[in-house]
Amino acid sequence: MKNLENLSLEEKIEILKKLKEERDAVILAHFYVDEEIQAVADYIGDSFFLAQKATELKEGTIVMAGVYFMGESVKILNPSKNVLMPDLEADCPMAHMVSIEKIKEMREAYDDLAVVTYINSTAEIKAYSDICVTSSNAAKIVNKLEEKNIFFVPDKNLGAYIKKSLPDKNVILNDGYCPVHDEIDLEDVKAYKGRVKILAHPECRKEVLDLADFIGSTKAIINEAGKYDDVLVVTEEGIFTELKKKYPEVNFRKLAKGPICDDMKKLTLDKIIEVLEENKNQVEVPREIRERALKPLEKMLELGA
């Protein structure tokens, strides 16, 4: 292959188009990846949409343009597919902020307990869970569960938001968090209160969410944003690609200290081309873990539909 650095964007897109045909491949991308990747992706969405879409695809190869847990989820749901990651080092710190030992400890402490795991978690943690959720369906699914006691892992902020939304449930919080959302500057958000509509992701801290006019998943924020003229969006900056495309007339505000996921930004168009050309960075999940993790993911798709 030619040196990709010397090629124009149009030339790269043409190469990618041919590779997709040759490899029987499809590209899934999260809203947080760079604009040039979103431009070539076949499907763009949040974690729930991508997990759901992955089960409907006919192509034999799936390139998951996101962080590693997303590739694992796609592989668990589609074990016969060839799942490729543009960068195996693109990870989610929060996914590692809970242990199997902690889950076992909580199961011993409570008889009537459901371990509810945010999809932003490792395959191993999913395998020890009762059900998975995403930010778009977490409250809906937890409300449907028979169990009163809910150990929500790994994100304490999303867990606290669910706890507040569902007072009849005893939601027990873990101490994990998304560094990107957890470190959002409260004063930065306060400066906009009362001036514009504030839309925030539930991975943010409670004091940030208390300032928001709307709280929702990435997809929910995108759906809500078109209702206003002037909007502050409090989540990872990759969302602006879709927002500006969908609502060119809306004035979107950015925080001074922009929330940026460095792991999502590790992905490039060149890396997508390389993994397809060389069929490298294949996602593998051990069979025992895959079979156990499949159940909570399937239960999520069923109850979250």
Side-chain angles (χ1 to χ4, degrees), residues 28 30-32 45-56 62 64 66-79 81 83 91-100 102-104 106-107 113-147 149-163 165-166 169 171-174 176-178 181 201-203 216-220 283 285-305:
L28 304 184
H30 193 275
F31 286 122
Y32 293 166
D46 59 8
S47 298
F48 181 68
F49 171 82
L50 295 174
Q52 196 173 39
K53 179 56 65 176
T55 64
E56 303 168 0
I62 301 173
M64 182 61 249
V67 289
Y68 194 72
F69 78 80
M70 296 178 182
E72 282 187 327
S73 295
V74 170
K75 185 65 177 180
I76 292 165
L77 289 164
N78 303 272
K81 302 280 189 180
V83 181
D91 203 356
C92 172
M94 177 171 64
H96 304 279
M97 293 184 186
V98 63
S99 66
I100 292 169
K102 180 66 176 178
I103 291 175
K104 288 180 176 179
M106 295 304 295
R107 288 199 187 277
L113 181 78
V115 177
V116 178
T117 298
Y118 193 18
I119 199 168
N120 300 37
S121 56
T122 65
E124 287 86 353
I125 293 299
K126 289 181 176 74
Y128 281 83
S129 308
D130 295 301
I131 191 167
C132 290
V133 298
T134 68
S135 55
S136 62
N137 61 30
K140 174 183 177 181
I141 287 177
V142 170
N143 192 43
K144 288 182 177 180
L145 299 179
E146 294 179 2
E147 293 86 355
N149 300 309
I150 307 294
F151 183 37
F152 191 89
V153 300
D155 184 15
K156 64 181 179 182
N157 293 324
L158 178 56
Y161 175 67
I162 294 166
K163 186 181 182 77
S165 304
L166 302 173
K169 296 287 188 180
V171 180
I172 305 151
L173 303 179
N174 182 53
Y177 57 91
C178 165
H181 288 97
H201 195 284
E203 287 180 19
S217 66
T218 315
K219 182 63 176 176
V283 177
V285 180
R287 181 177 175 179
E288 182 184 354
I289 292 173
R290 176 178 60 75
E291 290 178 348
R292 290 183 60 181
L294 178 61
K295 294 175 183 177
L297 278 172
E298 286 183 331
K299 195 172 180 182
M300 174 190 76
L301 294 177
E302 177 191 342
L303 294 185

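Both backbone and side-chain heavy atoms feed into the values below; hydrogens, waters and symmetry mates do not. Nothing here was measured: the structure is a model prediction, and the numbers come from that model.
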Kindly give the heavy-atom pair with the smallest separation between A123 and E72, and that separation in Å. N-OE1, 3.0 Å
K75 (side chain) donor-acceptor with K81 (main chain) under 3.5 angstrom: yes
Euclidean distance, L297 CG relative to L77 CG, rounded to 0.5 Å: 5.0 Å
Between D155 and H181: side-chain donor-acceptor atoms closer than 3.5 Å: no
Note: S121 and T117 closest approach over all heavy atoms is OG-CG2, 3.1 Å
Pair T134, S217 - check side-chain contact (heavy atoms from CB on, under 4.5 Å), show working. CA-CA 8 Å; T134 68; S217 66; over 6 Å; no
Taking all non-hydrogen atoms of both residues, which atom of C92 and which atom of V67 are closest, and how far apart? CB-CG2, 4.1 Å
Is any side-chain heavy atom of F151 closer than 4.5 Å to one of I103? yes
By salt bridge (Lys or Arg N to Asp or Glu O under 4.0 Å), which residues pair with K53, not counting sequence neighbours? E56
Report yes if the side chains of V116 and I162 come closer than 4.5 Å at any heavy-atom pair, otherwise no. no
Spacing of CZ belonging to R292 relative to CD1 belonging to I76, to within rounding of 0.5 Å: 12.0 Å
Is any side-chain heavy atom of L158 less than 4.5 Å from a side-chain heavy atom of F152? yes
Would you confirm whether N149, through its side chain, and L113, through its main-chain N or O, come within 3.5 Å as a donor-acceptor pair? no
After noting the C-alpha distance and the side-chain angles of H96 and D91, does the key distance pass the side-chain contact (heavy atoms from CB on, under 4.5 Å) rule? CA-CA 9 Å; H96 304 279; D91 203 356; 2.7 Å; yes
Please examine the side chains of F48 and K219, heavy atoms only from C-beta on, and report whether any two atoms are closer than 4.5 Å. no
Over all heavy atoms of both residues, which pair between M70 and S47 is shortest? Give the atoms and the distance, please. CE-OG, 3.9 Å
Hey, are the side chains of I141 and M300 touching, using non-hydrogen atoms and a 4.5 Å cut-off? yes
If every non-hydrogen atom of A95 is compared with every non-hydrogen atom of T122, which pair is closest and at what distance? O-CG2, 3.5 Å
Within this structure, what is the OG-CD distance for the pair S136 and Q52, rounded to the nearest 0.5 Å? 9.0 Å
Given T218 and Y32, is the side-chain contact (heavy atoms from CB on, under 4.5 Å) satisfied, shown in steps? CA-CA 9 Å; T218 315; Y32 293 166; 3.3 Å; yes
Any donor-acceptor pair under 3.5 Å linking the side chain of K126 with the backbone of I119? yes
How many angstroms lie between atom CG of N143 and atom OG of S165, to the nearest 0.5 angstrom? 9.5 Å
Is it true that, when you exclude Y177 itself, more than 12 heavy atoms of the residues, nucleotides or ligands shown sit nearer than 6.0 Å to its OH? no
Between G71 and V83, what is the shortest heavy-atom contact and its length? O-CG1, 3.8 Å
So do N157 and C178 actually touch side chain to side chain, heavy atoms under 4.5 Å? no
Worked check of side-chain contact (heavy atoms from CB on, under 4.5 Å) between E302 and I131: CA-CA 10 Å; E302 177 191 342; I131 191 167; over 6 Å; no
Any donor and acceptor pair, going by atom type alone, linking the side chain of E147 with main-chain N or O of A114 inside 3.5 Å? no
Qualifying residues under salt bridge (Lys or Arg N to Asp or Glu O under 4.0 Å), relative to K102, sequence neighbours excluded: E105
To the closest 0.5 Å, what do you measure between NZ (K163) and CG (L173)? 5.5 Å
Nearest 0.5 angstrom please: L303 CG to N137 CG, how far? 9.0 Å
Could you tell me whether the side chain of V283 reaches within less than 4.5 Å of the side chain of V74, counting heavy atoms only? no
Is there a side-chain contact between Y118 and E203 (heavy atoms, below 4.5 Å)? yes
